There are 2 protein chains.
Amino acid sequence: MAGSECEHCVHRRRGLCASLIEQQSVQWLEARRRTREDPARTVLYEPGQPSQHVRILKAGWAASFVLRSDGRRQMLSLLLPGDIFSVLMLHRPTLTFSFAALTDVAVCHIALNREDVAAIQDFLGGACAEEVTGLQRRVVDLGSRKAQARLAGFLLDLDARLRAQGATGDWQPLFMRQYDLADMFGMSAVHVSRVLSWLRHEQLIDLRPESFRILHYPGLQAVADRI
Amino acid sequence: MAGSECEHCVHRRRGLCASLIEQQSVQWLEARRRTREDPARTVLYEPGQPSQHVRILKAGWAASFVLRSDGRRQMLSLLLPGDIFSVLMLHRPTLTFSFAALTDVAVCHIALNREDVAAIQDFLGGACAEEVTGLQRRVVDLGSRKAQARLAGFLLDLDARLRAQGATGDWQPLFMRQYDLADMFGMSAVHVSRVLSWLRHEQLIDLRPESFRILHYPGLQAVADRI
DNA sequence: CGGCTTATTGAAATGCTTCAAAACCAGTGG
DNA sequence: CCACTGGTTTTGAAGCATTTCAATAAGCCG
């Protein structure tokens, strides 16, 4: 059974795994990877920790973040199932930021050597470019938009991202605490609560413990487009 | 004369040029590049514009930025002589952001085809990783530090960057208007003025039209380290 | 000198944070 | 079934950071 995990993996058709399988084979990949499961809130990678493995989030949600000396946490990106973390690990011996599980997660660790990496340069270049583009969006977001616009835009993005992965219903999962959103968008948890309450009060979204629903796309978009 | 520009170029020993010369030769590089000069405030690249050329800032200062539909400008990064823009051009047909000259500039355009790019993958991977790291720093900066800390940190960084390039004196150049700094750090030009005045009043820095001087490193560092 | 761009200053308004208290919620053990 | 707990969200009030608007000053160029 263990020998056929890759065969049946949802993620084998896209991204890193697809490239590796194309270059080599499913068996080759299977031999170089192992799955690890971790409970919610576990730190998956600490800055400075040398690692030979590039990882793929098989199931659950995770996030990358920087822990500042004053205890403050700045989230860099949100990882959904299928996302790779981190392309940088293939270029650098260690990273300067952390990864943590937001929910229970299953993570696939893949061991690649220099030649393996060389064989998938095309894919890696593209993945690195995506990483840059995503971070640029965050800079624009943090630098030039107000809290309301950031949260509205985030919910729209997340909705689109989940639908692109095949989600269909009205309700979408949201496995983040309000303080996670606060750390993501550089605002206080209190203010996150207020903004979300306001969006709800305006009938733009509906919110439940671990899920949300967009009630009025154009309205929410209008808020997201405000300065 | 034109045939020997690369030979005498200050930047030939580092970065992209060094990699290309190592892989091929100075003559090879010379044949694929041409220099362009542009006055201050010129737009060097507009988003969406297809370009076969990767560029190196030979002289002057420039910046990358996103122009938002509401007219607001978010600067992404500051380019100093020797900096490449942009690694992303080698992975994507077009970019989503702009480059503009802050001063009069000389820009070296280099035409590379797919094989040329493949030959310097090692260098490109590293450069892309650097790009990511720099943007992550900006996210942390914008997300979790106050205006004072951002400006203090910027001056310290810039000072270090210029000294790493060989600058020695007390005074360092600063070819940015206050509204450039505002667009860079997500604050209003008025507030930039106030913060700089305050830093000056605290005897931490000295400021003149196109240059600055750090008067008290530990003090400025202390401000930069504040939340 | 006049006209342009950039920087400074003040006053008022807005956005956001902090602190503190209360409400809510899920799980635990009685 | 209830009370208790710990983690999370909501709410209010006060204070701080930053923006906006508007007016003035300073610097530079022709």
Side-chain angles (χ1 to χ4, degrees), chain A residues 39-42 68 70-74 100-104 141-153 155 174-202 205-212 223-224 226-227, chain B residues 39-42 61 68 70-74 100 102-104 141-153 155 174-202 205-212 223-224 226-227:
Chain A
R41 303 286 145 190
T42 311
R68 297 193 30 163
D70 52 32
R72 212 167 155 154
R73 193 179 64 144
Q74 175 65 50
L102 295 175
T103 65
D104 294 351
D141 208 32
L142 291 169
S144 69
R145 300 167 91 193
K146 305 224 180 269
Q148 283 180 0
R150 287 197 287 243
L151 280 179
L155 293 176
L174 178 60
F175 299 122
M176 299 171 80
R177 300 290 110 84
Q178 293 193 358
Y179 56 73
D180 291 322
L181 292 171
D183 289 346
M184 182 123 197
F185 294 109
M187 49 205 277
S188 69
V190 173
H191 199 50
V192 170
S193 170
R194 283 193 232 272
V195 171
L196 289 178
S197 297
W198 180 82
L199 289 174
R200 204 163 21 181
H201 173 260
E202 296 288 308
I205 62 168
D206 199 351
L207 218 47
R208 288 209 219 132
E210 307 235 272
S211 58
F212 74 104
V223 174
R226 293 223 275 258
I227 301 179
Chain B
R41 302 288 145 189
T42 310
W61 286 27
R68 296 195 30 166
D70 53 31
R72 212 166 155 154
R73 191 178 65 145
Q74 174 64 53
L102 295 175
T103 66
D104 294 350
D141 208 31
L142 292 169
S144 68
R145 300 168 90 192
K146 305 224 178 268
Q148 282 179 3
R150 287 198 287 244
L151 280 179
L155 293 175
L174 177 60
F175 299 122
M176 299 170 80
R177 302 288 109 83
Q178 293 193 356
Y179 56 72
D180 291 322
L181 292 171
D183 289 345
M184 181 121 198
F185 295 110
M187 50 204 276
S188 68
V190 174
H191 199 51
V192 169
S193 170
R194 281 194 234 273
V195 171
L196 289 179
S197 296
W198 180 82
L199 289 174
R200 204 164 20 182
H201 173 260
E202 294 291 306
I205 64 168
D206 201 349
L207 219 47
R208 286 208 219 134
E210 307 235 271
S211 58
F212 74 104
V223 174
R226 294 224 273 257
I227 301 178

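Just so we're clear, the structure is a prediction, and the values are computed from it rather than from any experiment. A note on names: the letters A, B, ... follow the listed sequences, proteins ahead of strands, and every chain is numbered from 1.
- Among the protein residues, A/Arg200 comes within range of the sugar-phosphate backbone only, with heavy atoms under 4.0 Å from sugar or phosphate atoms but none that close to a base.
- Ranked by how close their nearest DNA chain D nucleotide is to the 5' end, A/Tyr179 and A/Lys146 are led by A/Tyr179.
- For the pair B/His191 NE2 and C/dT6 P, the interatomic distance rounds to 21 Å; values are reported in whole Å.
- Residue B/Ala189 is classed as having no contact, given no heavy-atom separation below 4.0 Å to the nucleic acid.
- In this structure, CD of A/Glu210 is placed 11 Å from P of D/dT8, rounded to the nearest angstrom.
- Using a 4.5 Å heavy-atom cutoff, the side chains of A/Met187 and A/Arg194 are not in contact.
- Contact of the B/Arg177 side chain with the B/Glu210 side chain is registered, since non-hydrogen atoms from C-beta on lie closer than 4.5 Å.
- Atom CH2 in B/Trp198 sits about 20 Å away from atom C1' in C/dG10, given to the nearest Å.
- Nucleotide C/dT8 holds its P atom 12 Å from the CG atom of B/Leu199, rounded to whole Å.
- Comparing the start and finish of the helix from C/dC1-D/dG30 to C/dG30-D/dC1, five pairs each, the helix axis swings through 30°, to the nearest 10 degrees.
- For C/dA7, the OP1/OP2 oxygens have no side-chain nitrogen or oxygen of B/Arg208 closer than 4.0 Å.
- For the pair A/Leu207 CG and D/dT9 P, the computed distance is 9 Å after rounding to whole Å.
- Nucleic acid contact for B/Val190: base, since at least one base atom lies under 4.0 Å from a heavy atom of the residue.
- Between A/Ser188 and C/dT17, a side-chain N or O to OP1/OP2 separation shorter than 4.0 Å is present.
- A/Phe185 has its side chain within reach of A/Asp141: a pair of non-hydrogen atoms, C-beta onward, lies under 4.5 Å apart.
- Rounded to a whole Å, the CZ atom of B/Arg145 is 16 Å from the P atom of D/dA17.
- In this structure, CZ of B/Arg41 is placed 11 Å from C1' of C/dT5, rounded to the nearest angstrom.
- At C/dT5, none of the side-chain N or O atoms of B/Gln178 fall inside 4.0 Å of OP1 or OP2 (strictly under the cut-off).
- Taking 3.5 Å as the limit, the base of C/dG15 and the side chain of A/Arg194 contain no donor-acceptor pair of atoms between them.
- Within the 4.5 Å cutoff, the side chain of B/Leu207 has no heavy atoms near those of the B/Leu199 side chain.
- Protein atom CZ of A/Phe185 is 19 Å distant from nucleotide atom P of C/dG15, rounded to whole Å.
- Using a 4.5 Å heavy-atom threshold, the side chains of B/Arg150 and B/Val195 count as separate.
- At C/dT9, one or more side-chain N or O atoms of B/Ser197 fall inside 4.0 Å of OP1 or OP2 (strictly under the cut-off).
- The pair A/Asp70-A/Arg68 counts as a salt bridge, with a side-chain nitrogen and a carboxylate oxygen less than 4.0 angstrom apart.
- Side-chain atoms of A/Leu174 and A/Ser211, non-hydrogen and from C-beta on, never get closer than 4.5 Å to each other.
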